[in-house]
Amino acid sequence: MSRTVYVNGEYLPEEEARVSVFDRGFLFADGVYEVTSVLDGRLIDFPGHAERLSRSLRELEMESPVTDEQLLDIHRELVRVNGIEEGMVYLQVTRGVADRDFAWGAEGEPTIVLFTQSKPGLADNPKAREGMKVISIADRRWGRRDIKTVQLLYPSMAKMAARKAGADDAWMVEDGFVTEGTSNNAYIVTGGRIVTRHLGEEILHGITRAAVLRVARDLQMEVEERPFTLEEARAADEAFVTSASTFVMPVVEIDGASVGEGRPGPVAARLREVYLDEMRAAAI
Ligand code: PLP
């Protein structure tokens with residue numbers, strides 16, 4: 001069955017949705033995005049995603065084509081018409097259409113596109129019981145990773161390198177320290193503490209990261225926000241990642257070597273459980 005998608009003010013069957021070849025999102029990756037999960041037909045942490053979208057737009061001197069209230073309505077309407085119980089809503093805003101020129105300023109209205117992805121079993125993911133395998137790879141992305149732009153070619157290349165190596169994902173390393181996964185934030189548990197890289201321009205400020213660290217602190221777990229090395233990660237008791245679509249996902253292998261006992265650990269399991277409970281309760 002064809003999905004209904006949203007393009008510039010219209011709800012359309014996906015086959016009829018169109019964006020110009022002159023769109024700067026297409027020509028320059030001049031656009032930003034968000035992915036919000038849906039559980040029980042409701043949106044997980046929508047305010048966090050709306051806030052980060054505003055920040056990404058502001059950093060790129062782009063206008064939002066809609067208010068937060070309109071954005072929420074569009075998300076809910078797409079979830080409703082497409083009958084999404086578990087899945088995601090993808091949102092992209094680009095600078096819009098202009099004759100090709102590196103300088104911006106001549107474009108018209110921003111382009112806004114939203115679509116849903118149905119993912120039954122998103123929360124009851126078997127990977128959460130098995131754990132993920134990651135490889136390490138040099139971080140060759142640009143320097144403003146705190147802006148959630150659609151220029152995702154290097155993370156795609158890193159993901160493919162992981163696949164070819166028989167792993168699930170790649171942890172990117174810069175100046176000897178892990179930055180993050182291809183589409184998630186990275187954590188280790190060592191010396192009784194949860195360690196994850198501090199916020200800065202080197203990583204995306206994960207919405208799930210913020211919520212999971214809040215949960216960890218509420219559970220009286222100790223959190224250290226600082227860079228960590230691969231050596232530290234390999235010697236850690238546990239490792240895990242967080243993202244809007246994987247929630248809290250244990251990592252059991254790094255570059256072929258087991259982390260801890262090579263099984264998902266108790267800290268990741270507890271954080272996943274409490275995070276999911278709290279987020280379901282607050283979903284809108
Ligand atoms: N880091 C990167 C590079 C990402 O692409 C993502 C999500 O797409 C994340 C971290 C996790 O962010 P969030 O928890 O907001 O999904």
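Numbering of ligands and ligand atoms starts at 1, following listing order. We count residues from 1, following the sequence as given.
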With a 6.0 Å cut-off on the ring centroids, do F228 and F177 count as close? no
Answer yes or no: does an N/O atom from K148 fall short of 3.5 Å to an N/O atom of ligand 1? yes
Do E174 and E202 make a side-chain contact, defined as non-hydrogen atoms from C-beta onward lying under 4.5 Å apart? yes
Under 4.0 Å, counting heavy atoms only: does R52 come that close to any atom of ligand 1? yes
Measure the distance from atom 14 (O) of ligand 1 to every protein heavy atom, then report the residue, atom name and distance (to 0.1 Å) of the closest one. T208 OG1, 2.6 Å
Please tell me if the side chains of V215 and L271 come closer than 4.5 Å, counting only heavy atoms from C-beta onward. yes
Just checking, R24 and F28: is the charged tip under 6.0 Å from the six-membered ring centre and within 45° of the axis? yes
Which residue owns the protein heavy atom closest to atom 2 (C) of ligand 1, what's the atom, and how far is it? E180 OE1, 3.5 Å
Taking only non-hydrogen atoms of N185 and a 4.0 Å limit, the atoms of ligand 1 in range are 10 (C), 11 (C)
Could you find the nearest protein heavy atom to atom 12 (O) of ligand 1 and give me its residue, atom name and distance? G206 CA, 3.5 Å
A side-chain contact here means heavy atoms from C-beta on lying under 4.5 Å apart; do V259 and R234 qualify? no
Ligand 1 to H205 polar contact by distance, N or O atoms, under 3.5 Å: no
Does M172 have a heavy atom less than 4.0 Å from any atom of ligand 1? no
Which residue and atom name correspond to the protein heavy atom nearest atom 16 (O) of ligand 1, and how close is it? A244 N, 2.8 Å
Side chain or backbone, does I207 bring an N or O within less than 3.5 Å of an N or O on ligand 1? yes
Joint cluster assignment, V195 & F240, ILVMFWY side-chain distance < 4.5 Å: no
Under 4.0 Å to a heavy atom of R141 - the qualifying atoms of ligand 1, by number: 3 (C)
Donor-acceptor pair, distance only, cut-off 3.5 Å: does the side chain of Y154 make one with the backbone of M157? no
Under a 4.0 Å heavy-atom limit, does E34 contact ligand 1 with its side chain, its backbone, both, or neither? neither
Exercise: do D30 and T94 side chains pair donor with acceptor under 3.5 Å: no
Working to the nearest 0.5 Å, report the span between CG of L39 and NZ of K119. 13.5 Å
Which is it for E15 and S2 under the side chain to side chain donor-acceptor pair (under 3.5 Å) test, yes or no, and what are the steps along the way? CA-CA 8 Å; E15 302 78 20; S2 159; 3.0 Å; yes
Side chain, backbone, both or neither: which applies to T182 and ligand 1 if a contact is any heavy-atom pair less than 4.0 Å apart? backbone
Looking at ligand 1, is there an atom of it that comes within less than 4.0 Å of some heavy atom belonging to V35? no
So, does R145 sit close enough to ligand 1 that a heavy atom of it is under 4.0 Å from the ligand? no
Less than 3.5 Å apart, any donor N or O on the side chain of E273 or Y275 sitting next to an acceptor on the other? no
Counting both backbone and side chain atoms, is some N or O of L204 under 3.5 Å from an N or O of ligand 1? no
For ligand 1, find out whether one of its N or O atoms is nearer than 3.5 Å to an N or O atom of T242. no
protein heavy-atom neighbour closest to atom 5 (O) of ligand 1 works out as S183 CA, 3.4 Å
